Amino acid sequence: MTASSGNTRRLVLTRSAAVIGAASTGLLLPQIARAQGAKVRVGLMLPYTGTFAQLGVAIENGVRMAIEEQGGKLGGREIEWFKVDDESDLKGVENANKLVQRDKVDVLIGTVHSGVQMGIHKVARDTGVLNLIPNAGVHAATRALCAPNVFRTSFSNSQPTLALGKPMVDRGHKKAVWITWKYAAGDEAFEGFKTSYTQAGGTIVKELGLPFPNVEFQALLTEIASLKPDAVACFFAGGGAAKFIRDYAAAGLKGKIPLYGSGFLTEGVLDAAGPAADGIITTMHYSDSLQTPRNQQFRLNYAKTFRMQPDVYAVQGYDTGLLLVQGANAVKGDLGAKPALYKAMESAVIDSPRGKWTMSKAHNPVQDIYLRMVENKENKVIGVAAKALADPGTGCKLA
Ligand code: PHB
């Protein structure tokens, strides 16, 4: 089982051959595809290049591993995979339509970047295609623009940071600088941080930002040094996060001004960041070191299968696979039976490596948020920062 592009090419070729065959015998492909027993068409729209490339791979690995563990089928039907690299680039509508209009997928799994997600979201709302969001936390998707056919298996952007402010103040850090990429994910993570930090009695002395996916941190780090806050809190992820951690240490700030963050800062980057990451404290809905049989078995299987360590993105992909299997099994593979499919997914209990979680009414996970500290290339749990935290789902009109 791999996530190689060779695999994709083979799948696409097989499909082209099927199209030619169908056309020459006068059969209509969409009818074949929808017939019971035909393969379920699963589309993956993820970043496979750019600063979030590793996140896309981890998510795909997780999805495939979960489905494989559950027998490799969806409600008894085999799967045909389709893949698009969205490059975390704002061509979301165009790329989503490649899967929905051209490839006629039954379900679109994607994506990572909140801005790109809004493109997928438009296509999902316009066409009614089932969309499972394995990462992007953009609030609108499960708030004002929530939709019956859109389910998120990850988090909302403010969920992790709503649990971050209090532990910082509890540790005596009353004046903080916030720094992030200026786009929906960073801005909405800030919303959660501002609420939790000020409610706990902290003061945000400065908000700093740079455009996504810029990694020229130097001038901003110099500014932080001169502001001398008690602590810094941030949102960064992927390749950019590894560089931020290294640059923070290289600027002489590590050990002087404690670094906190939404937990993505230290996910999937601990090898690349090295000792510069030690001591960083974050809040997140997963931790490598959860001592549960479920997590330990997951980590072992993932490491054996993919020869790499899983991170939160792999877990989110895995849970996406579990949710899809549960939904598809409930309707015996008939993904067109929408009310029954949605009902099954709304009432699913996902037995995740992060701990069991359920869907909120607006289709976002209700989940525990852990407090973690990096130690020897591991995100170690040091506490539970919030129990069964739900996004408010403000403005969502789903029943
Ligand atoms: C997002 O754009 O929503 C996003 C991207 C990467 C993360 C988390 C959120 O790690």
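Atoms within each ligand, like the ligands themselves, are counted from 1 in listed order. Just so you know, these numbers come straight off a predicted model, no measurement behind them.
- Aromatic rings from Phe236 and Phe217 are positioned such that their centres are separated by under 6.0 Å.
- The two atoms that bring Trp178 and Gly186 nearest to each other are CZ2-O, 3.7 Å, heavy atoms only.
- Geometrically, Arg41 does not engage Trp81 in a cation-pi contact, judged by NZ or CZ lying under 6.0 Å from the ring centre and within 45° of the ring axis.
- In summary, the atoms of ligand 1 found under 4.0 Å from a heavy atom of Ala185, numbered by their order in the structure, are 1 (C), 2 (O), 3 (O), 4 (C).
- Heavy atoms of Phe236 found under 4.0 angstrom from ligand 1: none, in either backbone or side chain.
- Short contacts between ligand 1 and His113, defined as distances under 4.0 Å to a heavy atom of the residue, involve ligand atoms 2 (O).
- Annotation: Asn135 places no N or O atom under 3.5 Å from an N or O atom of ligand 1; distance criterion only.
- Under a 4.0 Å criterion applied to the non-hydrogen atoms of Phe155, ligand 1 contributes the atoms 8 (C), 9 (C).
- Ranked by closest heavy atom to atom 5 (C) of ligand 1, the top entry among Asp311, Val112, Thr51, Val138 is Val112.
- For Cys146, the disulfide bond (SG atoms under 2.5 Å apart) partners are Cys396, not counting sequence neighbours.
- In terms of polar-atom proximity, Tyr313 is counted as a contact of ligand 1, with an N or O under 3.5 Å from an N or O of the ligand.
- Under a cutoff of 6.0 Å and an axis angle of 45°, Lys83 and Tyr48 form a cation-pi pair.
- Listed by chain and residue number, nothing satisfies the salt bridge (Lys or Arg N to Asp or Glu O under 4.0 Å) test with Glu94 (two or more places apart in sequence, or in another chain).
- Remark: minimum distance from atom 2 (O) of ligand 1 to any protein heavy atom is reached at Tyr183 OH, 2.6 Å.
- Every atom of ligand 1 is numbered from 1 in the order shown, and the set under 4.0 Å from a heavy atom of Gly137 is 3 (O).
- Between Arg64 and Glu69 there is no salt bridge, since no side-chain N of the basic residue sits under 4.0 Å from a carboxylate O of the acidic one.
- The ring of Tyr286 has its center no closer than 6.0 angstrom to the ring center of Phe155.
- Residue contacts with ligand 1, taken as heavy atom pairs separated by less than 4.0 Å, involve Ser114 via backbone and side-chain atoms alike.
- For ligand 1, the atoms sitting less than 4.0 Å from at least one non-hydrogen atom of Ala237 are 6 (C), 7 (C), 10 (O), numbered in the order shown with element in parentheses.
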